[in-house]
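Below is one structure; the comments refer to it alone.
Reckoned from all heavy atoms, side chains included, excluding hydrogens, waters and symmetry mates. So you know, we letter chains A, B, ... as the sequences are listed, proteins then strands, and number each from 1.
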Amino acid sequence: MSAALEVIAPGLHTSVQDLGRFGSQRMGVPVSGALDTVSLRLANLLVGNPPGAGALEILHHGPTLNVRAESVRIALASGGEVEVPGDYRRSIPACRSARIRRGEIFQVGALSRAACCYLAVEGGFAIAPCLGSLSTYARGSLGGFEGRALREGDLVPLALSEAGARAELELPRPPTGGRDQTIRVVLGPQHDHFTRRSVAAFLAADYTVSASADRMGIRLDGPSLRHNHKGYDIISDAVATGAIQVPGTGQPIILLADHQTTGGYPKIATIISADLPIVGRRVPGDPIRFTAVNQQQAEQIRRAQEAELQELIRAVRPVPAGKDLDLDSLYHGNLISGVVSGDD
Amino acid sequence: MVTPNATSRAIIDRLPASGERPEVVYRYAGDRFILLEYGDIVLDLRMNFRIFGLNDAIGKVRIPGLIETVPALRSMLVHYDSLELSPRRLIETLKELEAGLPSVANLTIHSRRVQLPIAFEDRHTRADIQRYVKYTRQDAPNIVNGHNIEYIAQYNGLSDKNEVIEYICATQWWNACIGFWPGLPFMFPLDPRYAIVTPKYNPTRPWTPEGAVGVGGPCVAIYPVASPGGYQLFGRTIPIFDLQQRNPAFKENPILLKAADRVEWVAVSDEELEDIRARVYDGTYRYKIVAYEALNVRSYLEFLDLIKDEVAAFQKRQSEATKHVPVP
């Protein structure tokens, strides 16, 4: 039988995502892709994949998976923890790669600090791309594993039947971007459809992520905004990911990865690309405050973020001896030094 | 951070209208997208034609850092990699392309002609409309004799549902843009003598069969999958979206229609449609697509000029009728 991860329990919403599906929006197909592209890239990096390889996006509560391969190398980023119960019980923290053997069951429980995290497997999944991408657009039953989130009993095919022989890797620290960071926006494209007072209120308000938050978007709780004489109906236009759309009710909605390609309401502002992954990690109840920057500043912030990420990538290091509990060492009699006198 | 004042210009650049060229407005949509708009905030197919002209022109030049363009009715979203291409440079390039673009009248737009069979008042749209009456709204004025087609007649001042059918089949339908759902066309009649309009459902209909065809405002849409919807339905056609690619028409792409296609309706009976749909899925039906045609805008505008009195007469009849018909 070919190598696969067997889904024992799917978690809340676990789907295959990559960096997104580009070039098909003109046909009405959303971009989709990871809500937190920074974490996706880091998870892939740790298992030696190209940064945009398809990985499992885990929302709120992770899956329980059984290894149906000789072994598989995995890494989780940026939050969460992999628990491996069973005979050689261990936990693998986020931002560290590890090898898991045939028949071992591993699970990612509830995420405590973020809405999403990414489980990358070395070599990626053996899934054919749909319109050039592995990303799942579940509402349209398109892409990923059978066009949907994982279900109990699924066998998600792995590209490799065995983990490569190499040292495990870890990041010295997770990427930055906390739950209280102010989110930066570029005003527009249609903030001229709002009263000046509403634009000011939007930038001054304390919004909260409402319970109505998913891969399509986040409805915000907080001050409602008023359109000016131009009204809230526009001729439908194409929508950028990160746009903050305000329908007639005045309650803003942040449009995320699975947003529809066109929309008929004015967009007061657009979240800068550097802050989109941070917004993607927010959970219902989290505060959201906005501040305006101009396009040039947004670009500088993105360049700085990219430089910081490259620095983090350069700092990736082999897992220090003693922290790396690998079954090979157990099988080869190094159990004593590896466990009993382990220095962590 | 800066104050809102320093960032508050919605429009970052514009080309004033000149001769036959409409005003072009450029807006930021974040740090990776430029939104370009033509003309006034009204629906005018000439603006849509120009969007296609520009999109073709963009396709012919290589712009390093350009990721994709998303054309809509009178606007286009341009996605670029800001680490590779500056918005200033991008806008300069877009302006240069504008300068090189022929006037709308001189555009020739590559446009496939797609013939689709349609069963008017078919059993599946009828069933979902019945469910709406049963579970959502009993007294919906837009449902007459269990369907929307007679309401469409009333609202447009047409004598009966047969005249609605006649109107829908009398014109080609221009697919101005795809959006809202993968493969969902927003189509407008190329012959405005048959430009039916309707208000939408209120509240929205929770069910619509895949392949349903309906009208909302001035726009006709085909539902690619079963979904909620708000358009007044008049019939059902064959699949326009098939991820399983069960017919050669979907071999290259699970989405049948492209923007700038022209759809022609061919009325068939409910039974015939069932039979054709079965042949779509067993792979033996051949979609009727004439790939190598074009829309010559000049001839089209000349045609519009010829029929303008008839268009005005229909619009008068329509607006008279609308006054006496309840809105849902």
Side-chain angles (χ1 to χ4, degrees), chain A residues 22-31 130-131 137 139-143 147 182 184-193 196 199-200 203 230 234-243 260-263 267 269-274 276 291-299 301-303 306, chain B residues 1-12 25-37 41-43 47 55 67-79 82-83 86-88 177-186 219 224-225 227 241 243 253-255 257-259:
Chain A
F22 297 100
S24 293
Q25 286 191 90
R26 69 185 62 181
M27 297 184 293
V29 182
V31 174
C130 175
L131 298 172
Y137 173 49
R139 283 170 65 92
S141 306
L142 189 151
T182 300
R184 292 158 293 193
V185 298
V186 174
L187 287 175
Q190 286 116 4
H191 61 290
D192 52 346
H193 278 247
R196 276 172 164 266
V199 175
L203 294 173
K230 293 182 184 171
I234 59 168
I235 291 183
S236 287
D237 59 13
V239 182
T241 301
Q260 290 171 332
T261 54
T262 58
K267 277 73 71 182
T270 308
I271 292 169
I272 69 169
S273 55
L276 269 178
T291 187
V293 297
N294 64 33
Q295 193 277 341
Q296 289 77 14
Q297 290 168 315
E299 223 177 276
I301 294 166
R302 177 155 175 234
R303 284 177 199 278
E306 198 56 38
Chain B
M1 294 306 117
V2 295
T3 61
N5 282 341
T7 58
S8 61
R9 271 183 318 144
I11 292 167
I12 48 172
V25 157
Y26 303 89
R27 298 168 185 261
Y28 284 129
D31 57 330
R32 299 176 298 168
F33 302 88
I34 296 286
L35 180 69
L36 168 158
E37 297 170 332
I41 308 179
V42 291
L43 192 66
M47 300 302 120
N55 202 45
I67 295 173
E68 72 179 306
T69 56
V70 194
L73 299 171
R74 58 175 279 270
S75 63
M76 183 191 290
L77 189 70
V78 183
H79 183 189
S82 56
L83 300 185
S86 83
R88 188 44 43 207
C177 113
I178 298 181
F180 189 70
W181 193 267
L184 189 150
F186 287 107
C219 173
V225 295
S227 63
F241 177 60
L243 283 165
N253 195 312
I255 289 161
L257 296 174
K258 297 179 168 144

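Pairing each heavy atom of Ser273(A) with each of Arg302(A), the nearest pair is OG-CD, 3.0 Å. Nearest heavy-atom pair, Pro87(B) versus Ile34(B), reported as atom, atom and distance to 0.1 Å: CB-CD1, 4.2 Å. Across all non-hydrogen atoms, the minimal contact from Leu35(B) to Pro189(A) is CD2-CB, 3.9 Å. Of all heavy-atom pairs spanning Glu68(B) and Ser24(A), the tightest one is OE1-N, 3.5 Å. Residues Gly188(A) and Thr270(A) approach most closely at O-OG1, 3.0 Å, considering heavy atoms. The heavy-atom pair separating Ala240(A) from Leu77(B) by the smallest distance is N-CD2, 3.7 Å.
For chain A, no part of Pro185(B) is nearby; none of its heavy atoms comes within less than 4.5 Å. If you measure heavy-atom distances from Gln296(A) to chain B, the contacts under 4.5 Å come from the side chain alone. Val225(B) does not touch chain A: none of its heavy atoms, backbone or side chain, sits under 4.5 Å away. Ala29(B) touches chain A through backbone and side chain together, each having a heavy atom under 4.5 Å away. When heavy atoms are compared at a cutoff of 4.5 Å, Tyr28(B) approaches chain A by way of both its backbone and its side chain. Using a 4.5 Å cut-off between heavy atoms, Thr69(B) contacts chain A through both its backbone and its side chain. For Thr182(A), no part sits under 4.5 Å from any heavy atom of chain B, backbone or side chain. Heavy atoms closer than 4.5 Å to chain B are found nowhere in Ala243(A), neither backbone nor side chain.
When Leu131(A), Asp237(A), Thr261(A), Val185(A) are compared by the number of non-hydrogen pairs under 4.5 Å with chain B, Asp237(A) comes out ahead. Ranked by heavy-atom pairs under 4.5 Å with chain B, the first of Val239(A), Ile234(A), Val186(A) is Val186(A). Here Asn253(B) is the residue among Asn253(B), Ile67(B), Val42(B) with the most heavy-atom pairs under 4.5 Å with chain A. With chain A as partner, the option from Gly179(B), Ala72(B), Pro254(B), Pro182(B) having the largest number of non-hydrogen pairs under 4.5 angstrom is Pro182(B). If you tally non-hydrogen atom pairs under 4.5 Å between each of Arg74(B), Arg32(B), His79(B), Arg88(B) and chain A, the highest count goes to Arg32(B). Residue with the most contacts toward chain B among His193(A), Lys267(A), Arg26(A): Arg26(A) (heavy-atom pairs, distance under 4.5 Å). Highest contact tally toward chain A, considering only Ser82(B), Pro224(B), Ser227(B), is held by Ser82(B) [criterion: heavy-atom pairs under 4.5 Å].
Side-chain contact between Asp31(B) and Val293(A) is absent, with no heavy atoms from C-beta onward closer than 4.5 Å. Using a 4.5 Å heavy-atom cutoff, the side chains of Met47(B) and Leu73(B) are not in contact.
Judged by distance alone, the side chain of Glu37(B) and the main-chain N or O of Ser75(B) form no donor-acceptor pair under 3.5 Å.
Within 6.0 Å of CZ on Phe180(B) lie no more than 12 heavy atoms contributed by other residues, nucleotides or ligands.
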